[in-house]
Amino acid sequence: MLRRAMFRCGELCSRVFAVEFDLRAEPLYFTLSSSPQVLHHDHQRLFGDCGKLFSLHVQSENRIEKAQTHAQIKHKLSSTLSRDCDVFEASSFIPDDENSVVKGFFIRDKSTTTLSEELLNTLRQSKTVCMFSYKREGQYCWQELWSPVSPVKESVRQYITPATAAKHHPSTLNIRNSDVFYSMDEAYKVLQECTDIIPESKAVLKLVDEQLEISSGDAYPVIVIEGLDATGKTTLTEALRESLNATLLKSPPQCLTSFRQRFDSEPPLIRRAFYALGNYITAAHIGKESLRAPVIVDRYWHSTAAYAIATAVSGRVENLPRLDSELYQWPGDLLQPNLVLLLTVNPEERLRRLRDRGQDKTVEEAELELNQLFRLKVEEAYKRIQNPACIIVDASPSPQEVLQQVQRLIRNKCHL
Ligand SMILES: Nc1ncnc2c1ncn2[C@@H]1O[C@H](COP(=O)(O)OP(=O)(O)OP(=O)(O)O)[C@@H](O)[C@H]1O
Ligand SMILES: Nc1ccn([C@@H]2O[C@H](COP(=O)(O)O)[C@@H](O)[C@H]2O)c(=O)n1
């Protein structure tokens with residue numbers, strides 16, 4: 001599967017390139033052709049402007065190396081390039097072909113310096129990076145492999161050919177087992193592959209190995225409370241614990257707390273595998289505790305999948321995997337709760353609660369505030385997850401009223 005996500009000889013012409021030129025609109029799609037093609041109006045805006053144009057793509061058969069190189073390049077581009085350089089997310093893919101995406105960046109340098117060329121030349125030394133430059137000629141534009149010193153041997157000029165929108169947004173094609181994991185084994189393998197570079201992986205895997213899931217045959221109900229930060233999950237789960245005499249669990253579980261910061265700084269592949277494994281440890285705790293009392297869980301698989309999908313999918317809510325996509329299906333080997341409630345509050349009330357709480361914001365929370373698009377995508381992804389789907393609860397009223405509303409739902413659905 002991974003072998004397909006590479007540029008190989010003669011394969012470039014069957015690929016579509018996508019540049020996220022304007023995050024609120026469709027990406028700009030183009031293919032390559034050997035004969036000159038007149039650019040469309042939208043493509044003129046990207047290729048027809050002044051400045052030097054480059055793209056770079058990260059490709060490697062080693063997915064850990066690929067993920068880390070992509071993250072490092074993203075950081076370098078944003079921290080080193082001048083304000084006169086625009087950097088857009090870019091990708092190349094084969095339409096509708098899972099795992100065919102090669103991720104990268106498109107750089108438009110309008111400065112008079114050679115900073116971008118110097119940086120790109122350093123990056124180009126890496127065997128995992130493939131670099132192109134773009135040149136204009138009247139109404140046409142072509143792409144060729146880039147070298148700052150001399151033309152690359154045997155580099156063929158390929159003309160930019162505007163292409164129509166793909167049925168599935170390219171960022172949805174690589175989600176399975178890169179951002180969202182549908183079995184414990186798949187997430188486990190990722191951490192196994194990182195033990196050399198992230199020694200903490202061994203300790204996490206050991207904790208997973210030590211858990212033995214107990215079947216929840218004749219067990220008490222398991223109720224999961226989900227929602228964006230500051231929607232009132234902690235307040236509600238504590239109140240439910242008291243009122244139902246329940247056991248309160250969280251995902252990730254407490255035994256992973258000391259590893260969280262380490263994995264939060266890793267690229268999505270590794271970070272998401274860590275959270276996925278956290279769910280399996282929590283599942284084992286649920287299996288045991290639900291034999292004794294009802295169990296309330298603060299975040300579980302809905303959170304893992306919704307945040308992962310919303311981060312992986314660039315741009316608009318419309319770019320999310322379609323409603324009927326298998327990407328929203330619950331993993332077959334993960335213990336299912338009896339009820340999942342999604343707390344929602346309007347964005348203004350949520351911000352008010354965040355400010356009142358006065359805590360440091362995590363990077364992702366800060367991003368939520370800045371990035372309305374991201375918040376909308378997380379909430380929409382939550383709502384699309386199936387088997388079990390979540391029930392939406394308006395958490396804007398007072399804590400007491402929210403508790404009563406949820407108690408009614410639990411009585412009706414779980415007969416508690
Ligand atoms: N129903 C409510 N009405 C008004 N304020 C509330 C309500 N529920 C919680 N709050 C307040 O909002 C803030 C966030 O609540 P809480 O910590 O329960 O949210 P959370 O979803 O657990 O957040 P996080 O995921 O970031 O831990 C707290 O200051 C809390 O006191
Ligand atoms: N089951 C989970 C729980 C959390 N996450 C990730 O953590 C972030 C939110 O956690 P808080 O402790 O701040 O509430 C969020 O960014 C998720 O990415 C997860 O993936 N799975």
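Only heavy atoms go into these numbers, but all of them, side chains included; no hydrogens, no water, no symmetry mates. Read the numbers this way: they start at 1 and go in the same order the structure lists the ligands and their atoms.
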Chemist: Could you list which atoms of ligand 1 come closer than 4.0 Å to a heavy atom of R299?
Modeler: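 By the 4.0 Å cutoff, the relevant atoms are 25 (O).
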
Chemist: Does D356 have a non-hydrogen atom less than 4.0 Å from ligand 1?
Modeler: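 Under 4.0 Å: no for D356.
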
Chemist: For L236 and ligand 1, does the shortest N/O to N/O distance drop below 3.5 Å?
Modeler: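 So ligand 1 has no N or O lying under 3.5 Å from an N or O of L236.
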
Chemist: Number the atoms of ligand 1 from 1 as they appear, then name those within less than 4.0 Å of a heavy atom of A230, with their elements.
Modeler: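 Within the 4.0 Å cut-off of A230, ligand 1 contributes 14 (C), 19 (O), 20 (P), 21 (O), 23 (O), 24 (P), 25 (O), 26 (O).
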
Chemist: Below 3.5 Å, N or O to N or O, backbone or side chain included: is there any such pair between S396 and ligand 1?
Modeler: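 Min N/O separation from ligand 1 is not below 3.5 Å for S396.
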
Chemist: With respect to T231, determine whether any N or O atom, backbone or side chain, lies less than 3.5 Å from an N or O atom of ligand 1.
Modeler: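 Yes, since at least one N or O of T231 sits under 3.5 Å from an N or O of ligand 1.
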
Chemist: Apply side chain to side chain donor-acceptor pair (under 3.5 Å) to the pair Y275 and R260, showing each step before the final yes or no.
Modeler: CA-CA 9 Å; Y275 281 104; R260 235 180 132 175; 2.8 Å; yes

Chemist: Can I get a per-line list of side-chain donor-acceptor pairs under 3.5 Å for residues 18-27, giving both atom names and the distance, sequence neighbours left out?
Modeler:
unit_1, atom_1, unit_2, atom_2, d
E20, OE2, H169, NE2, 2.8
E20, OE2, S314, OG, 2.9
D22, OD1, R24, N, 3.0

Chemist: Looking at OG of S178 and CG of L173, how far apart are the two atoms once the value is rounded to the nearest 0.5 Å?
Modeler: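 Output value for this atom pair is 11.0 Å.
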
Chemist: Considering the heavy atoms of D229, write down every atom of ligand 2 situated less than 4.0 Å from one of them.
Modeler: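 Atoms satisfying the 4.0 Å criterion: 11 (P), 13 (O), 14 (O).
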
Chemist: Check if R272 has a non-hydrogen atom at a distance under 4.0 Å from any atom of ligand 2.
Modeler: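 It does, in that a heavy atom of R272 comes within the 4.0 Å cut-off of ligand 2.
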
Chemist: Hey, could you give me the CZ/CG distance between R384 and L323, rounded to the nearest 0.5 Å?
Modeler: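 Output value for this atom pair is 4.5 Å.
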
Chemist: Identify, by atom number and element, the atoms of ligand 1 in contact range of P399, meaning under 4.0 Å from any of its heavy atoms.
Modeler: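 Numbered from 1, ligand 1 contributes 1 (N), 2 (C), 3 (N), 7 (C).
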
Chemist: Is the shortest distance from a heavy atom of R260 to ligand 2 less than 4.0 Å?
Modeler: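 Heavy atoms of R260 do come under 4.0 Å of ligand 2.
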
Chemist: Which of the numbered atoms in ligand 2 are below 4.0 angstrom from a heavy atom of N279?
Modeler: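 Those atoms are 1 (N).
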
Chemist: Quick one: which ligand 1 atoms are inside 4.0 Å of a heavy atom on T234?
Modeler: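 Reading through ligand 1 atom by atom, the close ones are 17 (O), 18 (O), 20 (P), 22 (O), 27 (O).
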
Chemist: If you apply the rule side chain to side chain donor-acceptor pair (under 3.5 Å), what do you find for D394 with S396, and how did you get there?
Modeler: CA-CA 6 Å; D394 175 12; S396 315; 2.7 Å; yes

Chemist: Would you call the rings of H43 and F47 parallel, tilted or perpendicular, where under 30° means parallel and over 60° means perpendicular?
Modeler: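 If you compare the ring of H43 with that of F47, the planes turn out parallel.
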
Chemist: Between R350, K250, R353, flag the one that comes closest to atom 6 (C) of ligand 1 by a heavy atom.
Modeler: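 The option holding the nearest heavy atom is R353.
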
Chemist: Before signing off on this row, confirm whether T304 and ligand 2 have an N or O atom pair separated by under 3.5 Å.
Modeler: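 Looking only at distances, the answer is yes, because the N/O contact criterion of under 3.5 Å is met.
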
Chemist: According to the interplanar angle, ranging from 0 to 90°, do the rings of F105 and H70 count as parallel (below 30°), tilted (30 to 60°) or perpendicular (above 60°)?
Modeler: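 It falls in the parallel class, under 30°.
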
Chemist: Can you tell me if R271 has a non-hydrogen atom under 4.0 Å from ligand 2?
Modeler: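 True for this residue.
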
Chemist: Ignoring angles and geometry beyond distance, decide whether Y300 reaches within less than 3.5 Å of ligand 2 through its nitrogen or oxygen atoms.
Modeler: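 Between Y300 and ligand 2, an N or O pair is found under 3.5 Å apart.
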
Chemist: So, regarding E349 and ligand 1 (criterion: nitrogen or oxygen to nitrogen or oxygen, under 3.5 Å), is there a contact or not?
Modeler: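 No, E349 has no N/O under 3.5 Å of an N/O on ligand 1.
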
Chemist: Would you call G227 a ligand 1 contact, heavy-atom distance under 4.0 Å?
Modeler: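 Per 4.0 Å heavy-atom rule, G227 does not contact ligand 1.
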
Chemist: Does the plane of the ring in W330 sit parallel, tilted or perpendicular to the ring in H302? Use 30° and 60° as the thresholds.
Modeler: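 If you compare the ring of W330 with that of H302, the planes turn out tilted.
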
Chemist: Looking only at N/O atoms, are V402 and ligand 1 under 3.5 Å apart anywhere?
Modeler: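 Min N/O separation from ligand 1 is not below 3.5 Å for V402.
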
Chemist: Find out whether Y29 and P170 are in side-chain contact, i.e. whether some heavy atom of one side chain is under 4.5 Å from a heavy atom of the other.
Modeler: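 Result yes, sub-4.5 Å side-chain heavy-atom pair found.
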
Chemist: Can you sort out which atoms of ligand 1 are near S398, meaning under 4.0 Å from one of its heavy atoms?
Modeler: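 With S398 as reference, the close atoms of ligand 1 come out as 1 (N).
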
Chemist: Side chain, backbone, both or neither: which part of E401 comes within less than 4.0 Å of ligand 1 when only heavy atoms are counted?
Modeler: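 Answer for E401: neither.
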
Chemist: Quick one: are T304 and R272 in side-chain contact, heavy atoms under 4.5 Å?
Modeler: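 In short, these two side chains do not touch, never coming nearer than 4.5 Å.
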
Chemist: Report the relative orientation of the aromatic rings in F88 and F106; use parallel for angles under 30°, tilted for 30 to 60°, perpendicular for over 60°.
Modeler: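 F88 vs F106 ring planes: tilted.
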
Chemist: Counting distance only, does the side-chain N/O of Y328 pair as donor-acceptor with the main-chain N or O of P321 below 3.5 Å?
Modeler: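 Yes, because the side chain of Y328 sits within donor-acceptor range (under 3.5 Å) of the backbone of P321.
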
Chemist: Would you say NZ of K74 has more than 12 non-hydrogen atoms from neighbouring residues, nucleotides or ligands within 6.0 angstrom?
Modeler: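 12 or below, so no.
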
